[in-house]
Enquirer: 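Can you keep this structure in mind? I'll have questions shortly.
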Amino acid sequence: MRRGVHTIETVISSVDSERAFRIADECLIEIRLVETRREDAAWLHEYEVSGEVGKVSKFINRLRQVEIKRKI
């Protein structure tokens, strides 16, 4: 079986960890919560994600879509 190129990315998001972990499972990548901090009136979560390049990109796009929906 051939595998793609793996990458490790740091992602900072306002999406809560439970939802981010669910999205990561759907995208078939590994995720780790590094830090949670409060900035202004919102919580920011720092995640370390690893997996195939395309799957990590898909995860980041889906995470950004959730952030946009929450702001509307």
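Since the structure is predicted, the reported quantities are computational estimates derived from the model, not experimental observations.
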Enquirer: If you link I, L, V, M, F, W and Y whenever their side-chain heavy atoms are under 4.5 Å apart, who else ends up in the same group as I12?
Expert: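 Besides I12, the hydrophobic cluster comprises L44, listed by chain and residue number.
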
Enquirer: OG/S13 to OH/Y47 distance, rounded to the nearest 0.5 angstrom?
Expert: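 Going from the OG atom of S13 to the OH atom of Y47 covers 6.0 Å.
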
Enquirer: If hydrophobic residues (ILVMFWY) are linked whenever their side-chain heavy atoms come closer than 4.5 Å, directly or via other members, who joins I8 in its cluster?
Expert: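 Hydrophobic cluster check, I8: no partners found.
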
Enquirer: Side chains of V11 and R64: does their closest heavy-atom pair fall under 4.5 Å?
Expert: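 Touching, per the 4.5 Å side-chain cut-off.
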
Enquirer: For the atom pair CD (E52) and OG1 (T7), what is the distance rounded to the nearest 0.5 Å?
Expert: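 Spacing of CD (E52) from OG1 (T7) equals 11.5 Å.
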
Enquirer: Does L33 belong to the same Ile/Leu/Val/Met/Phe/Trp/Tyr cluster as I60, with side-chain heavy atoms less than 4.5 Å apart forming each link?
Expert: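 Yes; tracing contacts between hydrophobic side chains, which count when under 4.5 Å, links both residues.
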
Enquirer: Taking atom types as modelled, is there a side-chain donor on T10 or E46 under 3.5 Å from an acceptor on the other?
Expert: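 Side-chain D/A pair, T10 to E46: absent.
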
Enquirer: Taking atom CD as the centre, does E30 end up with more than 12 heavy-atom neighbours from other residues, nucleotides or ligands that are less than 6.0 angstrom away?
Expert: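 No, not enclosed.
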
Enquirer: I'd like to check R37 versus H45 (side-chain heavy atoms, cut-off strictly below 4.5 Å). Are they in contact?
Expert: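 SC-SC contact between R37 and H45 ruled out.
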
Enquirer: Distance-only criterion, 3.5 Å: show the donor-acceptor pairs between side-chain atoms of residues 15-27 and protein atoms not counting sequence neighbours.
Expert:
unit_1 : atom_1 : unit_2 : atom_2 : d
D16    : OD2    : R19    : N      : 3.3
E26    : OE1    : R62    : NH1    : 2.9
E26    : OE1    : R62    : NH2    : 2.6

Enquirer: Report yes if some heavy atom in the side chain of E9 is under 4.5 Å from a heavy atom in the side chain of E48; otherwise report no.
Expert: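 No; the side chains remain at least 4.5 Å from each other.
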
Enquirer: Can you tell if the side chain of S50 reaches within under 4.5 Å of the side chain of H6, non-hydrogen atoms only?
Expert: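 No, every pair of side-chain atoms sits at 4.5 Å or beyond.
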
